[in-house]
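Computed from heavy atoms alone, side chains included, the values below leave out hydrogens, waters and symmetry copies. Both ligands and their constituent atoms are indexed starting at 1 by order of listing.
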Amino acid sequence: MKIPSVLLRFPHRYLFKRMYFKNFHCTSRSDFLCIGSLTPVRPYHTKWMCLSEGLKRELCHQAAPDQQAEGLSDRENRLIDRLYSGLIQGHRACLAEAITLVESTQARKKKVAQVLLQKVLSYHREQEKLNQGKPLAFRVGLSGPPGAGKSTFIECFGKMLTERGHKVSVLAVDPSSSTSGGSLLGDKTRMTELSRDMNAYIRPSPTRGTLGGVTRTTNEAILLCEGGGYDVVLVETVGVGQSEFAVADMVDMFILLLPPAGGDELQGIKRGIIEMADLVAINKADGDLIVPARRIQAEYVSAMKLLRKRSKVWRPKVMRISAKTGEGISDMWDKMTEFRDLVLTSGELLAKRRKQQKVWMWNLIQENMLEHFRSHLAVKDKIPLLEEKVLSGVLSPGLAADLLLKAFKDGL
Ligand SMILES: Nc1nc2c(ncn2[C@@H]2O[C@H](COP(=O)(O)OP(=O)(O)OP(=O)(O)O)[C@@H](O)[C@H]2O)c(=O)[nH]1
């Protein structure tokens with residue numbers, strides 16, 4: 001291979017030799033970038049730019065075969081390298097930074113985040129292959145009305161798991177922060193003990209965004225947590241809106257946590273969500289609340305018998321627990337692992353994950369298409385006027401939609 005003459009003039013001969021004689025084998029791409037620098041503090045890319053495109057491609061390919069992304073700067077590639085290696089070595093700071101990156105709405109950062117995610121995904125594939133197809137983590141969704149005891153439960157449950165050698169991450173889905181200005185999940189200091197545990201990672205919900213945006217970043221955050229070695233990923237949401245349906249679509253097992261109260265107090269809970277639950281835990285079954293907890297448990301057991309069966313190998317269970325005393329938490333984990341083993345061996349788990357991937361892809365397309373449509377030059381200015389005409393009854397919604405869609409198509 002012909003080496004560009006500019007390389008021959010570099011003082012870092014040993015690096016050059018290593019590169020030349022060992023047929024371009026090298027530990028990391030940044031070694032190559034160093035070749036061009038006379039001193040380490042100078043920007044690498046000026047010399048890197050002197051290399052022919054073909055050689056650059058070959059060097060990159062040798063050093064990092066799966067991280068090629070068109071149009072990323074050296075700085076961005078170095079960021080990806082740093083976050084990726086930190087993440088898989090289990091550094092919490094890198095995990096936090098990587099999640100912040102996927103939460104970003106800036107186009108450039110979004111692009112960098114996607115390259116990082118691709119790398120993490122190929123790491124997943126390798127690890128799962130080594131693991132004989134077993135998923136890296138157990139994804140659990142937890143929902144319940146405000147005050148059901150979710151944070152108390154997660155604190156108690158999370159500590160029990162870390163004591164048993166698991167690594168637990170907790171992600172919150174709470175789009176209410178964008179609509180009401182206040183967050184149902186993130187505001188208070190929650191789970192103080194667990195957040196100090198080195199084997200736990202707690203991430204509050206992003207402070208802004210639509211439900212679509214928040215679920216997208218949560219989905220991606222799950223992958224990053226798994227790459228960081230967290231084998232139990234808990235996704236928490238408040239069971240009073242749509243977010244619990246979105247969470248049920250991104251986890252392996254969905255748990256509903258309820259207080260020992262019936263009727264009116266649970267009005268906020270949507271009926272449909274009970275149908276999604278693989279396990280219902282009636283919390284606060286302690287002290288004076290034991291009797292109502294038993295009654296509620298019996299009510300749910302009979303109500304759930306009437307529900308359509310969603311799995312061939314699992315019937316949803318209703319349990320009584322106390323997050324305060326810890327009673328029933330260990331039994332609950334036993335039931336959860338029983339569920340995981342059953343759905344894994346039956347093939348239901350992998351089928352469900354595959355289906356979720358497809359749903360996720362279409363949700364993203366839908367969301368991006370709408371954004372693209374709204375901001376397209378051909379329709380952007382027409383939207384307010386047509387909306388006004390629909391509001392005043394001059395134009396039917398159908399006709400207004402047709403006009404906008406036509407303008408969009410013509411503008412493509
Ligand atoms: N008696 C009893 N009280 C509990 C139990 N779990 C939680 N609580 C109490 O219930 C109240 C609400 O608990 P949280 O853990 O903050 O509930 P939450 O569902 O996280 O509530 P939000 O943060 O508002 O969503 C607190 O006063 C807890 O002390 C329990 O097992 N038994």
| Taking atom types as modelled, is there a side-chain donor on Gln366 or Glu371 under 3.5 Å from an acceptor on the other? | no

| field | Ion pair check, Glu193 and Lys159, cut-off under 4.0 Å | value | yes

| query | Cut-off 3.5 Å, side chains only: do Arg203 and Tyr201 have a donor facing an acceptor? | reply | yes

| query | Which ligand 1 atoms are under 4.0 Å away from a heavy-atom of Pro146? | reply | 24 (O), 25 (O)

| note | Any heavy atom of Asn283 under 4.0 Å from ligand 1? The part involved is side chain

| query | Is the shortest distance from a Lys or Arg side-chain nitrogen in Arg295 or Glu299 to a carboxylate oxygen in the other one below 4.0 Å? | reply | yes

| Atom of Leu344, atom of Leu349 and distance for their closest heavy-atom approach | CD1-CD2, 3.6 Å

| note | Candidates Gly149, Pro259, Ala293, Ala285; heavy atom nearest atom 17 (O) of ligand 1 found on Gly149

| query | Would you say Gly144 touches ligand 1, if touching means a heavy atom closer than 4.0 Å? | reply | no

| message | Using a 4.0 Å cut-off to any heavy atom of Ser322, which atoms of ligand 1 qualify? | response | 31 (O)

| Residue selection (non-hydrogen contact nearest atom 15 (O) of ligand 1) among Ile321, Thr152, Leu142 | Thr152

| Are a donor atom and an acceptor atom from the side chains of Ser143 and Glu236 found within less than 3.5 Å of each other? | no

| field | Heteroatom distance test (Lys150, ligand 1): nitrogen or oxygen, under 3.5 angstrom | value | yes

| query | Under a 4.0 Å heavy-atom limit, does Asp286 contact ligand 1 with its side chain, its backbone, both, or neither? | reply | side chain

| message | Less than 4.0 Å is my threshold; does some heavy atom of Gly287 fall inside it relative to ligand 1? | response | no

| Are Thr162 and Asn199 linked by a side-chain donor-acceptor pair shorter than 3.5 Å? | no

